[in-house]
Amino acid sequence: MQKIIILDFGSQTTQLIGRRVRELDTFCEILPYNKFPKDDADVIGVILSGSPFSVYDEASFHIALGDIIGRYPVLGICYGAQLMSHELGGRVEPAGSREYGRAHLERVDVADPLLQGIGDGSQVWMSHGDTITALPEGFRRIASTDRVELAAYTSEKTLAEGGGVWGVQFHPEVFHSEQGTQLLRNFVVGICGSRQEWSAASFVETTVAELRDQLGNDRVILGLSGGVDSSVAAVLLHRAIGDRLTCIFVDHGMLRKNEFADVMRDYEGLGLHVVGVDASERFFKALEGVEEPERKRKIIGAGFIDVFEEEARKVEDARWLAQGTIYPDRIESLNITGKVIKSHHNVGGLPERMNLKLCEPLRWLFKDEVRRVGRQLNMPAHLIDRHPFPGPGLAVRILGDITREKVRILQDADDIFIRGLREYRCDDGRALYDHVWQAGVILLPVKSVGVMGDERTYERAVALRAVTSTDAMTADWAHLPYDFMARVSNDIINHVRGVNRVCYDISSKPPATIEWE
Ligand code: XMP
């Protein structure tokens, strides 16, 4: 399959470039700047990302441009553009001040293939400390802004003549660059010649065939969490190997109200063979008196693996462990020293202990692509469009120690909030739930005074948390309608025994996080 390679120089928006390219129905891989795959015949073009560095920083990342220029069309974005200009004989200098925010293109060379359909006045997003002040010989300017003369450039030589290079000082991948998608389409489709063959349908077809090939007649086990990724992975595998897939769904007691039963029913409706394990008793015991968030996480993580392993061992001659790992979990991200940080999301050493091979059918997908694949597989919308939910569940939403009674209170309050979000219709006809990235209720370790009828009460407070986000890396608190919040607050206080006060969390991430623990 044709692919675009995105070389990552450490910018925060590199993943966004990848998502934009995928939205153009084109496969792409994000690789560390120094890991260009020289012998990959599927590569049709290369994008160089931005970077937190200046090309003059000692620690900045440099590459052998000769490996790519003249062999593939190349687009440099921000640092990528500066790097090429700098290394090929142009000049890059510190801008008077860091330029950050909106700018508008002018003197656009509309005849250039990169800028087809993009007019003067088009808004772009700038974020740079250096600026290109002179282009290498044989290069020319194709757009400016009022503050940046060389906002976009190209080589005069074509690819066949050893050129085929474009650079843009702005960030076409971010939402604020109005015609950014058009620019990327011009590069990916127009210049690189993508056939746009990457789609949910083609993914399902080729992945099912690959899985059949890879797994043969082997048995596979998979841990279901109720979340989108593991559910889509399960349905995909089921399509490939049917009942040779055994799914295990562990109830650690910290799930949402009725979630275990509801999700089991959904899974069975999908034809999956699921072993449901109610292990809540042992988790409550292990968590008794534990207040520290990271210890809670460790206890739940370790307990989950123990229960999972016990069940997995009952599946005779299983050879594979399948996981819903998705692409952002695997991208080798760079830290500031250029070292590659790689996090493995294995189920705690289980594959080694049980001598299982790993199967990760969603390993190339971004989250929105997982959802598209789920729709392609005809999965019910409420399973596909579910908000993310943390593995340790309500345990990290009960501040302080955990008891069954606290979980009951939180489940009841959370159920009112989430059902309310699903039922409330916005002006666009969609449920409020679908406008929110993630929502939940936090049980606070404080009691406060209230009145109920003629009685003075002294009960718990809860906080509602709802955020908008695209990737959970940053998040804004959701501006929920007041009438909705009033109703939810009333319902919680009137119906949830033990709660007499409801607050709304209006903190963004950063500096706050989405969860409270
Ligand atoms: P924070 O609170 O770090 O959360 O802003 C970002 C996203 O990660 C989820 N989260 C977790 N998911 N295990 C998980 O599987 C965890 O321990 C965990 N902690 C946070 C959180 O719900 C949000 O979607």
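Start at 1 and go down the list; that is how both ligands and their atoms are numbered. Side chains included, hydrogens not; waters and symmetry mates left out as well; all remaining heavy atoms used. Residues take their numbers from the sequence shown, with the count starting at 1.
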Testing Asp262, Asp412, Asp414 one by one against Arg256 for a salt bridge (Lys or Arg N to Asp or Glu O under 4.0 Å), which residue passes?
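Going through Asp262, Asp412, Asp414 one by one, the salt bridge (Lys or Arg N to Asp or Glu O under 4.0 Å) with Arg256 is satisfied by Asp414 alone.
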Does any N or O atom in Ala472 lie less than 3.5 angstrom from one in ligand 1, N or O only?
no
Is atom 8 (O) of ligand 1 less than 4.0 angstrom from at least one protein heavy atom?
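So far as the 4.0 Å threshold goes, atom 8 (O) of ligand 1 is out of reach of every protein heavy atom.
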Starting at CG of Leu215, measure out to CD of Glu210 and round the result to the nearest 0.5 Å.
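With rounding to 0.5 Å, CG (Leu215) is 10.5 Å from CD (Glu210).
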Pick, from Arg397, Lys509, Glu515, the option with the minimum heavy-atom distance to atom 6 (C) of ligand 1.
Lys509
Can you report which non-hydrogen protein atom sits closest to [atom], along with the distance?
atom: atom 19 (N) of ligand 1; result: Arg297 NH2, 2.9 Å
atom: atom 13 (N) of ligand 1; result: Pro392 CD, 3.3 Å
atom: atom 15 (O) of ligand 1; result: Gly391 N, 2.9 Å
atom: atom 23 (C) of ligand 1; result: Gln438 OE1, 3.3 Å
atom: atom 10 (N) of ligand 1; result: Pro390 CB, 3.9 Å

Is the charged tip of Arg330 near the ring of Trp364: under 6.0 Å from the six-membered ring centre and within 45° of its axis?
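Yes, Arg330 and Trp364 form such a contact.
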When Ile30, Val46, Ile47 are each screened for side-chain contact (heavy atoms from CB on, under 4.5 Å) with Ile4, the one that passes is Ile47
Can you tell which of Ile17, Leu31, Thr14 makes a side-chain contact (heavy atoms from CB on, under 4.5 Å) with Asp8?
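Among Ile17, Leu31, Thr14, the one meeting side-chain contact (heavy atoms from CB on, under 4.5 Å) with Asp8 is Thr14.
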Apply salt bridge (Lys or Arg N to Asp or Glu O under 4.0 Å) to Arg353 and Glu309, showing your working.
CA-CA 9 Å; Arg353 267 208 311 282; Glu309 183 168 356; 2.7 Å; yes
